[in-house]
Amino acid sequence: MRQYLQCGRFGFNLDKKAVVMGILNVTPDSFSDGGRHASLEFAVTHAEQMIEQGVDMIDIGGESSRPGAPVVPLEEELRRVMPVIYALRELDKPLSIDTYKPEVMREAVLAGADMINDINGFRAPGAIEAVRDSDCGLCLMHMLRDPATMQQDPHYDDVVGEVIAFLRSRVDEMTAAGIDRERICIDPGFGFGKTLEHNVALVRAIGRMRDELGLPVLAGLSRKSMIGALTGKPVEQRVAGSLAGALAAVAHGARIVRVHDVAETVDALKVWHACA
Ligand code: 7PJ
């Protein structure tokens, strides 16, 4: 199976190796106090640093989706995200926007975003229409319920089968709307309404997911509670565990890894691919 992802100005050939998506949070709790200007400068500096470290694409997020995190109003999310898109566009790296709001998608695409990463799988009314007539990449993720309730006793009869069925139905709806399959990657949504056991089963099923849907898989395990549960470490000590998670995902067939620790992940993947 050929693995290719069309991402706006860019195209990724994913046949031979995995690529690194670096996380750029532009939420107020992700930078030191100092107002909007400081947050923009911080975001640009962080992006430049990730580029030096060898990042392949940058995922810009204006709303935290931690379990129970507050919903950010549309206007506020736009105020956070749009200046960062404009500032980073000239750096010539693929820019992904992590949003589930159709209005943010529309504005981001107009501003030249290369990918829309939707934790909600483009389920919001108007989401598919917001991205349909562009050539941006689309990451379609599985989430059980919503961020407020997803971790309240998540239950599946067959977690792998149900996640694949969900992703298949979303892919079908998007392609029926005229969206080219080459623009789509899929993501089981680690930690989004999953127990540790669910997450582990889904890592092991990445190859099956890829084969059944015929699409590249993106995996986001970086610093998540699953890594904490397996290592017993707080979030600031999860780099090694996250690297192991990224490599396990790639070993099982993931082709995009979404990470905080870009330099470490780029090195780990170089060694991994040389030896795999
Ligand atoms: C993911 C994401 C993920 C995709 C977040 C965090 C929570 N987008 N956005 N996949 N996670 N595609 O980074 O801990 O796993 S936000």
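First listed ligand is number 1; within each ligand, the first listed atom is number 1. None of these values were measured; they are calculated from a predicted model.
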- Query: Just distances here: any N/O of Asn117 and N/O of ligand 1 closer than 3.5 Å?
  - Reply: yes
- Does any N or O in the side chain of Asn25 come within less than 3.5 Å of the main-chain N or O of Thr27, such that one atom is a donor and the other an acceptor? no
- Query: Judged by non-hydrogen atoms, does Gly189 sit under 4.0 Å from ligand 1?
  - Reply: no
- Report the part of Asp59 in contact with ligand 1, treating N, CA, C, O as backbone and CB onward as side chain, heavy atoms under 4.0 Å; options are side chain, backbone, both, neither. neither
- Please name the pair of heavy atoms, one in Cys139 and one in Leu218, separated by the smallest distance, quoted to 0.1 Å. SG-CD1, 3.9 Å
- Considering only heavy atoms, does Lys224 approach ligand 1 within less than 4.0 Å through its side chain, its backbone, both, or neither? side chain
- Message: Tell me the closest heavy-atom pair linking Val55 and Met21, and the distance in Å.
- Response: CG2-C, 4.2 Å
- Item | Which atom of Cys185 lies closest to which atom of Met115, heavy atoms considered | SG-CE, 3.7 Å
- Note on the structure: Nearest heavy-atom approach of Lys93 to Arg9 is O-NH2, 3.5 Å
- Part of Asp98 with heavy atoms under 4.0 Å of ligand 1, whether side chain, backbone, both or neither: side chain
- Can any side-chain N or O of His142 pair as donor or acceptor with the backbone N or O of Ala165 at less than 3.5 Å? no
- Task: Have a look at Asp118 and tell me which of Met141, Lys101, Met105 forms a side-chain contact (heavy atoms from CB on, under 4.5 Å) with it.
- Result: Met105
- Query: For ligand 1, which atoms have a heavy atom of Cys139 less than 4.0 angstrom away?
  - Reply: 12 (N)
- Do NZ/NE/NH1/NH2 and the carboxylate oxygens of Glu173 and Arg170 come within less than 4.0 Å? yes
- Message: Quick check on contacts: which atoms of ligand 1 are under 4.0 angstrom from a heavy atom of Met141?
- Response: 3 (C), 4 (C), 10 (N)
- With atoms numbered from 1 as shown, which atoms in ligand 1 lie under 4.0 angstrom from a non-hydrogen atom of Ile119? 2 (C), 8 (N), 9 (N)
- Query: Closest non-hydrogen protein atom to atom 1 (C) of ligand 1, residue and atom name please, with distance?
  - Reply: Arg258 NH1, 3.5 Å
- Query: Which protein heavy atom lies closest to atom 4 (C) of ligand 1, and at what distance to 0.1 Å?
  - Reply: Asp187 OD2, 3.1 Å
- Note on the structure: Looking only at protein heavy atoms, what sits closest to atom 7 (C) of ligand 1 is Ser65 OG, 3.9 Å
- Please could you name the atoms of ligand 1 that Leu218 approaches to less than 4.0 Å, counting only its heavy atoms? 12 (N)
